[in-house]
Amino acid sequence: MIVAIDGPAGAGKSTVARRLAERLGFRYLDTGAMYRALTWLARQRGVPLGNGDQLGELAAEHLVSFDEQGRVWIADTDVTSSIRKADIDSLVPVVARHPAVRKVMRGRQQELADDGNVVIEGRDIGTVVAPQAAVKVYLNADRSVRANRRLAERPEIGADALATDLRLRDESDTTDLDVEDVVAQIEELVRARQPA
Ligand code: DC
């Protein structure tokens, strides 16, 4: 069974998806980490981030993997920590918008999801990557809450810059619910769809 968790930056997707997977005993697939890993590799290899075709080829040659511990690998390198730096934060949207890149990522994500029970987190999972998902959740929170959450993750970045960035994105609704409430609600949806 596939559970898709989509939503904008800072809505709490990672925390909720990880926790949900843990509670259900499902695997957890972080698709944002895959775009981040490719961005890291492109910089490493000097591939121009404006060149979609070249980035698509790079992605196809070096598929992203996750090991048993959930660590992220590309081109035989463990990039788990490197992909959480501010420089990757700012460059990854440039890489992720190329259709050639998205096509390779979609294929790889479908391959990684094709085996048993999995919670997949991203922006396009329920619509593009796994439209057949048994449960689809769009997680959201209001702008100031999302900005604060991003700031807590990246204390080195100023709050003003973050608020500006997040204002470009959407509105409403995990603001008043805590993680355990959200996870419990989704867990109920999943259990209702699981065979008895
Ligand atoms: O969720 P995140 O911050 O780790 O995502 C990193 C980047 O990748 C962000 O720019 C959104 C993009 N992304 C995407 O386009 N599609 C996905 N399924 C997941 C992430």
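Just follow the structure's listing: the first ligand is 1, and inside any ligand the first atom is 1.
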What atoms in ligand 1 come closer than 4.0 Å to a heavy atom of R36?
-> 2 (P), 3 (O), 4 (O), 6 (C)
salt_bridge(E180, R19) N-O dist < 4.0 Å | yes
Under 4.0 Å from one or more heavy atoms of G122, ligand 1 contributes atoms 18 (N), 19 (C)
So, R84 and D30, do they make that salt bridge, N to O below 4.0 Å?
-> yes
N/O to N/O below 3.5 Å, does that happen between R123 and ligand 1?
-> yes
Under 3.5 Å between some N or O of ligand 1 and some N or O of Q109?
-> no
Results of salt bridge (Lys or Arg N to Asp or Glu O under 4.0 Å) for R191 - residues two or more places apart only | E187
One finds that the ligand 1 atoms under 4.0 Å from a non-hydrogen atom of R102 are 14 (C), 15 (O), 16 (N)
Atom 19 (C) of ligand 1: which of T31, L91, I88, V94 has the nearest heavy atom?
-> T31
Ligand 1 contact on P93 by region, counting heavy-atom pairs under 4.0 Å | both
For the residue pair L41 and A75, what are the closest heavy atoms and their distance?
-> CD1-CB, 3.8 Å
Go through the structure and list residues passing side-chain hydrogen bond (donor to acceptor under 3.5 Å, both in side chains) with E57, not counting sequence neighbours.
-> none
Give a yes or no on whether a salt bridge exists between R71 and D78, defined as a side-chain N under 4.0 angstrom from a carboxylate O.
-> yes
For Y35 and ligand 1, does the shortest N/O to N/O distance drop below 3.5 Å?
-> no
